[in-house]
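To keep things clear, I will list the structure first and then write my remarks on it.
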Amino acid sequence: MTEGPGIKDATAIVGIGQTAFARHLPEDERTLACRAVLAALDDAGIAPGEVDALASYTMEETDEVELAKAVGFGDLTFFSKVGFGGGGSCATVAHLAGAIAAGQATVGVAWRSRKRGSGPRPWTNTSVQLPTPAQWTRPFGLLRPADEIAMLARRYLHEYGATRDHLFNVALACRNRANQNPAAIMYERPLTREMYMTSRWISEPLCLYDNCLETDGALACVIVSRERARDCRHRPVYVHSAAQGLPAQHHGMVNYWNDDPLTGPAWAAARHLWKHADLTPSDVDVAQIYDAFTPLVPLSLEGYGFCGRGEGGAFTEGGALEIGGRLPVNTGGGGLSEAYVHGFNLINEGVKQLRGTSTAQVPGAATCLVTAGEGVPTSALLLRS
């Protein structure tokens, strides 16, 4: 579902919650989900019995029935799940915004609970038949998402003259923000250029620090109508525009069948996002850009219109992604340095920025772009205070 005329500023995020983040947490995913949801409802000042809408990911192991019973929701009148892992994060909020704007529900909760740090990797299950797209990639050595994105990265570096220094700029900006965030896994763990350049390869040209963390944890947020938001505990953060994007002839993370593999799903989502917004990229004060891998950030900068084709690498120069730069990004540390929970922490960090409560606050931030995974069918939110 994508944003339409009835969604613009009609709903707001009024509560956010999260568990601790760690490589290993003792609780199961359902317990973590319940804790994050209860924290978000408490943050909003809304009782669990008022919740009547839910949205999460198809990869979410905790289903609606389990969560509703455990937390104590009322009758649910809307519930949905979004596919494609990290590409679904922003779409969970978009689905709830659409349902509430259409009168299908009044209080929505989106969440993601995941034990990636201590749990299995999805691609290690060799007992099931490969999905059709993977049959064209895995027999040739592209076994993990890192291998697929490495292919795109190599082509990007070759075609546009981008360098590993540009990728380091992304990793450094995220790590610097995590160093300010006590909740981040990489809190008080600085990154230097020497550490980056001498680290081991994961899938060349991607080194250790080009790859996201592996994390246990859960997050949630609460969405209500614009009118209801005025009575909640915190300043509302309005959903100004939202979009999903699945380009024609898309093929996994490698975009094999596209005319140009480097114009991925972000480009399709961006066209719709800006079409239904009163804002432009130049109006965005801060961005939370999906960063499972560093190359996704320059690719997304281009897709969402912050710079031209092939200019994403150069855009990162001169501290552009840092606080005080052209476009501060991933101010909680992102997936690279705060936690990797399929991008949901980027949504909550966007809310913190527009509330003025981030650990790395951008002065006067009033607009925030949040993006989901580039390389897979994706989604995006444009939030404003």
Side-chain angles (χ1 to χ4, degrees), residues 1-14 53 55 78 80 82-84 86-106 108 110 221-230 235-248 250 263-290 299-309 327 329 343-344 346-351 353-354 365-374 376-385:
M1 176 181 158
T2 50
E3 191 269 347
I7 289 181
K8 185 188 297 179
D9 298 331
T11 63
I13 300 174
V14 294
F78 179 88
S80 70
V82 184
F84 303 102
S89 58
C90 295
T92 64
V93 175
H95 283 206
L96 293 173
I100 292 168
Q104 296 296 311
T106 59
C221 68
V222 180
I223 300 95
V224 299
S225 69
R226 179 186 183 92
E227 293 71 27
R228 175 72 182 273
R230 299 188 183 107
R235 179 196 307 174
V237 172
Y238 297 103
V239 180
H240 179 69
S241 181
Q244 290 180 255
L246 169 53
H250 179 67
T263 55
W267 292 76
R271 284 190 290 270
H272 196 79
L273 185 79
W274 299 118
K275 176 182 177 181
H276 293 287
D278 296 334
L279 306 168
T280 68
S282 63
D283 297 313
V284 173
D285 297 320
V286 58
Q288 315 298 333
I289 297 178
Y290 193 90
L299 288 172
S300 296
L301 290 170
E302 296 175 18
Y304 287 97
F306 293 99
C307 57
R309 283 293 312 281
L327 184 70
V329 302
F344 210 104
L346 300 177
I347 299 172
N348 283 17
E349 176 62 22
V351 173
Q353 280 290 339
L354 300 189
T367 55
C368 180
L369 172 70
V370 185
T371 74
E374 168 63 328
V376 295
T378 193
S379 54
L381 294 170
L382 190 57
L383 305 176
R384 72 167 189 83
S385 59

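A pairwise comparison of heavy atoms in Ile7 and Ala97 identifies CG2-CB, 4.2 Å as the closest pair. The nearest pair of heavy atoms linking Ala269 to Ala243 is O-CB, 3.4 Å. Between Ala380 and Tyr304, the shortest heavy-atom distance links the atoms CB-OH, 3.5 Å. Across all non-hydrogen atoms, the minimal contact from Pro377 to Pro265 is N-CG, 4.2 Å. A pairwise comparison of heavy atoms in Ala372 and Gly86 identifies CB-O, 3.2 Å as the closest pair. Closest approach of Phe78 and Ala105 over heavy atoms only: CB-CB, 4.4 Å.
Partners of Ala287 under the side-chain contact (heavy atoms from CB on, under 4.5 Å) rule, at least two apart in sequence or in another chain, are Ile289, Leu327, Val329, Leu369. With sequence neighbours left out, the side-chain contact (heavy atoms from CB on, under 4.5 Å) criterion links Ala10 to Ala101. Take Ser282 and apply the side-chain hydrogen bond (donor to acceptor under 3.5 Å, both in side chains) test, not counting sequence neighbours, and it matches Thr280. The side-chain hydrogen bond (donor to acceptor under 3.5 Å, both in side chains) check on Ser80 picks up His95, with sequence neighbours excluded. For Thr106, the side-chain hydrogen bond (donor to acceptor under 3.5 Å, both in side chains) test picks out Asp52, with sequence neighbours left out. Under the rule for a side-chain hydrogen bond (donor to acceptor under 3.5 Å, both in side chains), the partners of Asp9 that lie at least two apart in sequence or sit in another chain are His240, Arg384.
Rounded to the nearest 0.5 angstrom, Tyr290 OH and Cys90 SG are separated by 10.5 Å. Distance check, rounded to the nearest 0.5 Å: CZ of Phe84 to CD of Gln244 gives 10.0 Å. Interatomic distance, Leu246 CG to Ser379 OG, rounded to the nearest 0.5 Å: 12.0 Å. Note that CD1 of Ile13 is 9.5 Å distant from CG of Leu96, once rounded to the nearest 0.5 Å. We find the CD-SG distance between Gln288 and Cys368 to be 4.5 Å, quoted to the nearest 0.5 Å. In this structure, CD on Glu374 lies 9.0 Å from OG1 on Thr263, to the nearest 0.5 angstrom.
For the pair Val239/Leu381, a side-chain contact is recorded, criterion being any heavy-atom separation below 4.5 Å from C-beta on. Looking only at side-chain heavy atoms (C-beta outward), Cys221 and Asn348 come within less than 4.5 Å of each other. The shortest side-chain heavy-atom distance between Trp274 and Leu382 falls under the 4.5 Å cut-off. Annotation: side chain of Phe344 is in contact with side chain of Thr92 (closest heavy-atom distance under 4.5 Å). When side chains are defined from C-beta on, Arg271 does not count as touching Lys275, because their heavy atoms never get closer than 4.5 Å. Within the 4.5 Å cutoff, no side-chain heavy atoms of Leu346 are placed close to those of Ser89.
Side chain of Thr367 to backbone of Asp285: a donor-acceptor contact under 3.5 angstrom is found. Judged by distance alone, with hydrogens and angles left aside, the side-chain atoms of Thr378 form no donor-acceptor pair with the main-chain N or O of Ala266 at under 3.5 Å.
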Fill in: Trace of the side-chain contact (heavy atoms from CB on, under 4.5 Å) decision for Val237 with Gln353
CA-CA 10 Å; Val237 172; Gln353 280 290 339; over 6 Å; no
